[in-house]
S.K.: 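Got a structure for you, questions after.
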Amino acid sequence: MLLTAAGAYLLLSVLIGGKGEAVAQTLPGKTHIHTALLYPQAGVDKLLVGAHDGLYERSSKPDEAGWRQSNALPATDIMGFAYQPQQPNRLYAVGHSFGVVVSDDGGANWNNRLPGMGSLDNRHDVHALAVDPLVGSVFVWVEQKGLLRSTDQGASWQVVNPTVGGQVMALWIERVGERQVIYAGTMAGLLRSADGGANWVNLGGSELSGGVYALAGDGKDLYVGTLGGLYQSSDQGHSWRAVAGLPQRAAVGVVVNLRSPNQRVAILSDASVYFSSDAGASWQAAK
């Protein structure tokens, strides 16, 4: 049975927060986190966090404390960020109540990029987002529509697969040579497609059976955020090992810096943030 977006959120919130909401210790107020990105702004990498109540930002340096809540995006569920390294000023974001938006000035201003989809407008629920690092094609998961792709930077969209195989919570695209590989984190585990999203293989693994809620990679290692913690694979998802040096709590966010691949960020279900500058060999808690 397909789990609805509301059901998926409620299950995750109860499992990691106990009362439908995880209390953030490192963010202002009370919130739960959906996504994160290390993003270059004015030559400085910032950590962007998409939460239940909007966009938060902080320095990418773990010893520099301080969060601020931005009003650049609506104060509602932000479900995904992505950009292509060759176009660092173009930032994409998706969310529950504003669809797909794009900024061409580093996040200062945003425009809707879902024209031509009939009833698909800014009231629709967009759950996940990924950008191909080589060609810049954009993939999103839209509730009741499935997996969509844009090859013209969001000007038009095509439905690639209406089901994929369950409720998609996260997307990640990597290149293996010239071949595009798409990963989809679902409530049931992890899926992989080598044909642009038309067909999918279930990667299995008991570590992933509770669902995959965050995805990131560096071309060599793939990371998944699960209810059991953060896991890592060096063989395209065939086998997994727990990432050492982190508390064993649900991992709701994982980031690999596209500009500095040795830099990693992990965000746990209590909203604590951990940075690594040595490709995950060691971790430092953020102030």
S.K.: Going by side-chain contact (heavy atoms from CB on, under 4.5 Å), name the residues that satisfy it together with Ala198, two or more places apart in sequence or in a different chain.
M.R.: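 Result, side-chain contact (heavy atoms from CB on, under 4.5 Å) vs Ala198: Asp195.
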S.K.: When you measure from the side chain of Thr186 to the backbone of Gln167, do you find a donor-acceptor pair of N or O atoms at a distance under 3.5 Å?
M.R.: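 Side chain of Thr186 to backbone of Gln167: no pair is present.
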S.K.: To the nearest 0.5 angstrom, please state how far the CD atom of Gln232 sits from the OG atom of Ser239.
M.R.: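 Here the rounded value is 10.0 Å.
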S.K.: Which word best sums up how the rings of His96 and His34 line up, parallel for under 30°, tilted for 30 to 60°, or perpendicular for over 60°?
M.R.: tilted
S.K.: Val142 and Asp125: side-chain contact (heavy atoms from CB on, under 4.5 Å), yes or no, with the steps?
M.R.: CA-CA 6 Å; Val142 183; Asp125 181 358; over 6 Å; no
S.K.: Show your reasoning for whether side-chain contact (heavy atoms from CB on, under 4.5 Å) applies to Lys145 and Val126.
M.R.: CA-CA 9 Å; Lys145 286 286 186 180; Val126 185; over 6 Å; no
S.K.: Do Asp132 and Gln180 pass the side-chain hydrogen bond (donor to acceptor under 3.5 Å, both in side chains) test, and can you show the C-alpha distance, the side-chain angles, and the key distance before you say yes or no?
M.R.: CA-CA 8 Å; Asp132 186 296; Gln180 179 193 71; 2.7 Å; yes
S.K.: Other hydrophobic cluster members with Leu268, side-chain heavy atoms of Ile/Leu/Val/Met/Phe/Trp/Tyr under 4.5 Å, chained?
M.R.: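 Tyr223, Leu230, Val243, Leu246, Val254, Val256, Tyr274, Trp283, which link up through side-chain heavy atoms under 4.5 Å apart, make up the rest of the cluster.
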S.K.: Within the side chain of Gln69, is there an N or O that forms a donor-acceptor pair under 3.5 Å with the backbone of Asp53?
M.R.: yes
S.K.: Carefully, step by step, assess Val138 and Leu129 under the rule side-chain contact (heavy atoms from CB on, under 4.5 Å).
M.R.: CA-CA 7 Å; Val138 183; Leu129 163 71; 3.6 Å; yes
S.K.: Show me the pairs that pass salt bridge (charged side-chain N to carboxylate O under 4.0 Å, His left out) and involve residues 147-172, at least two apart or across chains.
M.R.: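 Pairs touching residues 147-172 that pass the test: none.
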S.K.: With a 4.5 Å cut-off on side-chain heavy atoms, are Ile173 and Phe139 touching?
M.R.: yes
S.K.: For the NE2 atom of His238 and the CG atom of Leu203, what is their distance to the nearest 0.5 Å?
M.R.: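 Rounded to the nearest 0.5 Å, the NE2-CG separation comes to 7.0 Å.
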S.K.: Quick one: side-chain contact (heavy atoms from CB on, under 4.5 Å) partners of Pro40, sequence neighbours excluded?
M.R.: Asp45, Tyr83, Pro88, Arg259
S.K.: Among all residues two or more places apart in sequence or in another chain, which pass the side-chain contact (heavy atoms from CB on, under 4.5 Å) test with Ala128?
M.R.: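 side-chain contact (heavy atoms from CB on, under 4.5 Å) list for Ala128, sorted by chain: Trp141, Val168, Leu171.
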S.K.: How long is the gap from CG on Leu190 to CH2 on Trp172, to the nearest 0.5 Å?
M.R.: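 With rounding to 0.5 Å, CG (Leu190) is 13.0 Å from CH2 (Trp172).
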S.K.: Only counting residues at least two apart or in another chain, list the ones meeting side-chain contact (heavy atoms from CB on, under 4.5 Å) with Leu38.
M.R.: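 Partners of Leu38 under the side-chain contact (heavy atoms from CB on, under 4.5 Å) test: Leu47, Ser60, Val255, Asn257, Gln263, Val265.
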S.K.: Considering non-hydrogen atoms only, spot the tightest contact between Gln84 and Val135 and give its length.
M.R.: NE2-C, 3.6 Å
S.K.: Excluding sequence neighbours, so at least two apart, what forms salt bridge (Lys or Arg N to Asp or Glu O under 4.0 Å) with Arg58?
M.R.: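 Residues passing salt bridge (Lys or Arg N to Asp or Glu O under 4.0 Å) with Arg58: none at all.
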S.K.: What verdict does the side-chain contact (heavy atoms from CB on, under 4.5 Å) test give for Thr226 and Leu208, after you've listed the backbone C-alpha separation in whole Å, the side-chain angles of each residue and the deciding distance to 0.1 Å?
M.R.: CA-CA 7 Å; Thr226 75; Leu208 314 181; 4.1 Å; yes
S.K.: Please enumerate all residues that pass salt bridge (Lys or Arg N to Asp or Glu O under 4.0 Å) together with Glu174, with sequence neighbours excluded.
M.R.: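 For Glu174 there are no salt bridge (Lys or Arg N to Asp or Glu O under 4.0 Å) partners, ignoring immediate neighbours.
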S.K.: So, do Arg192 and Ile182 sit near enough that their side-chain heavy atoms are less than 4.5 Å apart?
M.R.: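 Side chain of Arg192 against side chain of Ile182, heavy atoms only: no contact under 4.5 Å found.
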S.K.: Among residues at least two apart in sequence or on other chains, which ones pass salt bridge (Lys or Arg N to Asp or Glu O under 4.0 Å) with Asp221?
M.R.: none
S.K.: What distance do Leu55 atom CG and Asn71 atom CG have between them, rounded to the nearest 0.5 Å?
M.R.: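 Answer rounded to 0.5 Å: 9.0 Å.
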S.K.: Tell me, do Ile33 and Tyr213 make a side-chain contact under 4.5 Å, heavy atoms counted?
M.R.: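 With C-beta onward as the side chain, the pair stays apart.
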S.K.: Following the transitive rule for hydrophobic clusters with a side-chain heavy-atom cut-off under 4.5 Å over Ile, Leu, Val, Met, Phe, Trp and Tyr, establish whether Val201 and Tyr183 coincide in one cluster.
M.R.: no
S.K.: To check you understand the geometry: which heavy-atom pair defines the closest contact between Asp77 and Phe98, and what is its length?
M.R.: O-CE2, 3.9 Å
S.K.: Got a donor-acceptor contact below 3.5 angstrom from the Ser103 side chain to the Asn109 backbone?
M.R.: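 It does hold such a pair.
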S.K.: Can you name the salt bridge (Lys or Arg N to Asp or Glu O under 4.0 Å) partners of Lys61, sequence neighbours left out?
M.R.: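 Per chain and number, Lys61 pairs via salt bridge (Lys or Arg N to Asp or Glu O under 4.0 Å) with Glu64.
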S.K.: Is there a side-chain contact between Glu57 and Tyr39 in this structure, where contact means two heavy atoms from C-beta onward sitting under 4.5 Å apart?
M.R.: no
S.K.: Could you check if a side-chain atom of Val101 sits within less than 4.5 angstrom of a side-chain atom of Tyr92, using non-hydrogen atoms only?
M.R.: no
S.K.: For residues Trp67 and Val273, report the shortest heavy-atom separation together with the two atoms involved.
M.R.: CZ2-CG2, 3.8 Å
S.K.: Report the distance from atom CG of Leu147 to atom CG of Asn161, rounding to the nearest 0.5 Å.
M.R.: 6.5 Å
S.K.: Which residues pass the side chain to side chain donor-acceptor pair (under 3.5 Å) test with Asp278, not counting sequence neighbours?
M.R.: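 Expected list: Ser276, Ser282.
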S.K.: For the CG atom of Asp104 and the CG atom of Asn111, what is their distance to the nearest 0.5 Å?
M.R.: 7.5 Å
S.K.: Restricting to pairs with a member in residues 233-255, which pass salt bridge (charged side-chain N to carboxylate O under 4.0 Å, His left out), not counting sequence neighbours?
M.R.: Arg249-Asp270
S.K.: Might you point out which heavy atoms bring Leu37 and Ala82 nearest each other, and give the distance in Å?
M.R.: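 Smallest heavy-atom distance, with atoms named: CD2-N, 4.2 Å.
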S.K.: Identify the two heavy atoms, one from Leu227 and one from Gly210, that lie closest to each other, and give their separation to 0.1 Å.
M.R.: CD1-O, 3.6 Å
S.K.: Any side-chain donor-acceptor pair under 3.5 Å between Arg90 and Gln153?
M.R.: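 Their side chains do contain a donor-acceptor pair, which is all the 3.5 Å distance test asks for.
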S.K.: For residues Leu134 and Arg175, report the shortest heavy-atom separation together with the two atoms involved.
M.R.: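 Heavy atoms of Leu134 and Arg175 come nearest at CB-NE, 3.7 Å.
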S.K.: Hey, quick one: are Val224 and Val176 part of the same hydrophobic cluster, counting side-chain heavy atoms closer than 4.5 Å, chains of contacts allowed?
M.R.: yes
